[in-house]
Enquirer: 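Before I ask anything, here is the structure I am working with.
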Amino acid sequence: MAARIDQMTSFTYTTYIHATPEPVWQSLTDPAFTKRYWRHQRAGEKTFRSDWKKGSTYDLAHEEVGLVVSDPEQVILESDPYRRLAYTWHTFTPEWAAQVGMDEATADAWRAEPRSKVAFDIEDTGHGVVKLTVVHDGFEPGSDVLQGISNGWPAVLASLKTLLETGTALPRS
């Protein structure tokens, strides 16, 4: 029996991509690549800027709207190139909430939750196919953030897969 969303504490998504581990890693870590598939309908292209070393921080940028979210708690937790990347999820600043069209009450509720983390496992299954598993966890049951990311991740990962396989990301929706 599947768990109800209000009881869940994590989001897991697995996809298979016709690619090798190297371009999958690049798609997760290279801002020039990330902005091609990771877009917000209101805030535009999204990039994550870091040296991707364990313990380093990262900046989240929506350059189209002039937004950069920096926080010392936005930390790279694991970095094993071509195999695994994990980091704490970004901070929900008032500026970020405004740019993505989130009302202040919702933003306050999101900020009140514990900081979550996301991990990407890249597994070379052979024959030019990668199994990419994304686990976003650290949520309390009933998390509003979990509900939000559960709607966002499938679109982001479908666009990443499409870009790697065809050279063109999905259109912004």
Side-chain angles (χ1 to χ4, degrees), residues 1-17 24-25 27-29 31 34-35 37-50 52-62 67-80 83-123 130-161 170 172-173:
M1 183 166 141
R4 294 185 353 219
I5 188 79
D6 64 343
Q7 297 172 336
M8 294 172 55
T9 59
S10 67
F11 172 85
T12 302
Y13 190 94
T14 300
T15 189
Y16 291 81
I17 304 171
V24 174
W25 177 266
S27 73
L28 298 172
T29 59
T34 305
K35 71 181 184 180
Y37 71 89
W38 202 330
R39 298 179 293 250
H40 187 275
Q41 59 191 4
R42 290 195 50 178
E45 300 166 346
K46 181 181 290 198
T47 62
F48 297 83
R49 300 185 209 143
S50 179
W52 301 108
K53 294 179 180 158
K54 183 178 178 176
S56 292
T57 59
Y58 70 88
D59 293 335
L60 164 69
H62 288 279
L67 174 68
V68 177
V69 178
S70 299
D71 189 303
E73 292 186 37
Q74 292 176 179
V75 177
I76 309 306
L77 302 171
E78 296 178 60
S79 183
D80 184 1
R83 288 188 205 77
R84 183 169 171 85
L85 177 66
Y87 49 86
T88 58
W89 197 233
H90 70 83
T91 303
F92 307 120
T93 65
E95 297 81 11
W96 175 85
Q99 289 295 344
V100 301
M102 182 179 284
D103 65 83
E104 201 52 40
T106 301
D108 285 343
W110 281 35
R111 283 191 284 274
E113 292 189 23
R115 186 178 296 270
S116 60
K117 64 184 185 309
V118 64
F120 303 86
D121 285 305
I122 302 166
E123 180 185 339
V130 166
K131 177 182 177 184
L132 176 64
T133 302
V134 178
V135 177
H136 195 148
D137 62 8
F139 300 103
E140 300 288 330
S143 166
D144 291 329
V145 177
L146 175 57
Q147 181 69 42
I149 63 97
S150 294
N151 291 325
W153 275 120
V156 168
L157 297 170
S159 192
L160 176 151
K161 175 181 170 61
L170 296 175
R172 187 185 306 184
S173 60

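Heavy-atom basis, side chains included; hydrogens, waters and symmetry copies ignored.
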Enquirer: Below 4.5 Å, heavy atoms only, C-beta onward: do Met8 and Ser150 meet side chain to side chain?
Expert: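 Side-chain contact under 4.5 Å: no.
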Enquirer: Side chains of Tyr37 and Lys161: does their closest heavy-atom pair fall under 4.5 Å?
Expert: no
Enquirer: So do the side chains of Glu95 and Val69 get within less than 4.5 Å of each other, counting heavy atoms only?
Expert: no
Enquirer: How close do Trp96 and Leu67 get, counting heavy atoms only, and between which atoms?
Expert: CA-CD2, 3.6 Å
Enquirer: Closer than 3.5 angstrom, by distance alone: can the side chain of Glu113 be matched with the main-chain N or O of Phe139 as a donor-acceptor pair?
Expert: no
Enquirer: What's the shortest heavy-atom distance between Ile76 and Ser79, and which atoms?
Expert: CG2-CB, 4.1 Å
Enquirer: Measure up the Phe48 and Tyr87 rings against each other and bin them: parallel (under 30°), tilted (30 to 60°), perpendicular (over 60°).
Expert: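 Ring orientation, 0 to 90° scale: tilted.
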Enquirer: Could you list the residues that satisfy side chain to side chain contact (heavy atoms under 4.5 Å, CB included) with Thr133, not counting sequence neighbours?
Expert: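 Expected list: Thr12, Thr14, Asp121, Lys131, Val135.
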Enquirer: List in chain and number order the residues that pass side chain to side chain contact (heavy atoms under 4.5 Å, CB included) with Asp108, two or more places apart in sequence or in another chain; answer none if no residue qualifies.
Expert: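 Listed in chain order: Glu104, Arg111.
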Enquirer: Indicate yes or no: at least one non-hydrogen side-chain atom of Pro154 is less than 4.5 angstrom from one of Phe11.
Expert: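 In short, these two side chains touch, coming nearer than 4.5 Å.
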Enquirer: Roughly how far, to the nearest 0.5 Å, is the CD atom of Glu123 from the OH atom of Tyr16?
Expert: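 The distance works out to 7.0 Å.
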Enquirer: For Ala61 and Arg49, which heavy atoms make the closest approach, and how far apart are they?
Expert: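 Closest pair (atom of Ala61, atom of Arg49, distance): CB-NH2, 3.1 Å.
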Enquirer: Looking only at heavy atoms, what is the nearest atom pair of His40 and His62, with distance?
Expert: CB-CE1, 4.0 Å
Enquirer: Ignoring hydrogens, what is the shortest heavy-atom contact between Ser50 and Thr57? Give both atom names and the distance.
Expert: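 Looking at all heavy atoms of both residues, the shortest contact is OG-O, 2.9 Å.
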Enquirer: Any donor and acceptor pair, going by atom type alone, linking the side chain of Ser159 with main-chain N or O of Leu170 inside 3.5 Å?
Expert: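 Yes; judged by distance alone, with no hydrogens or angles, the pair exists.
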Enquirer: Please work out which of the three classes, parallel, tilted or perpendicular, describes the rings of Trp153 and Trp89, given edges at 30° and 60°.
Expert: tilted
Enquirer: Any chance you could measure Leu77, atom CG, to Arg84, atom CZ, to the nearest 0.5 Å?
Expert: 9.0 Å
Enquirer: Just verifying a value: how many Å separate His136 NE2 and Lys117 NZ, rounded to the nearest 0.5 Å?
Expert: 9.0 Å
Enquirer: Starting at CH2 of Trp25, measure out to CG of Leu85 and round the result to the nearest 0.5 Å.
Expert: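 It is 4.5 Å, given to the nearest 0.5 Å.
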Enquirer: Can you tell me how far CG of Leu146 sits from CD of Glu140, rounded to the nearest 0.5 angstrom?
Expert: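 The CG atom of Leu146 is 11.0 Å from CD of Glu140, to the nearest 0.5 Å.
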Enquirer: When you measure from the side chain of Thr47 to the backbone N and O of Thr34, does any donor-acceptor pair fall under 3.5 Å?
Expert: no
Enquirer: Hey, what do you get for CG (Leu60) to CH2 (Trp38), rounding to the nearest 0.5 Å?
Expert: 8.5 Å
Enquirer: Do the side chain of Gln74 and the main chain of His90 share a donor and acceptor less than 3.5 angstrom apart?
Expert: no
Enquirer: Just so I know, are the side chains of Met102 and Phe92 near enough to count as touching, which here means a heavy-atom distance under 4.5 Å?
Expert: no
Enquirer: Would you find a donor on one side and an acceptor on the other, under 3.5 Å apart, between the side chain of Thr91 and the backbone of Thr93?
Expert: no
Enquirer: My understanding is that only one of Val130, Asp80, Ile17 makes a side chain to side chain contact (heavy atoms under 4.5 Å, CB included) with Ile122; could you say which?
Expert: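 When Val130, Asp80, Ile17 are each tested with Ile122, the side chain to side chain contact (heavy atoms under 4.5 Å, CB included) holds only for Val130.
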Enquirer: So, does Ser116 use its side chain to make a donor-acceptor pair with the main chain of Gly138 at under 3.5 Å?
Expert: no
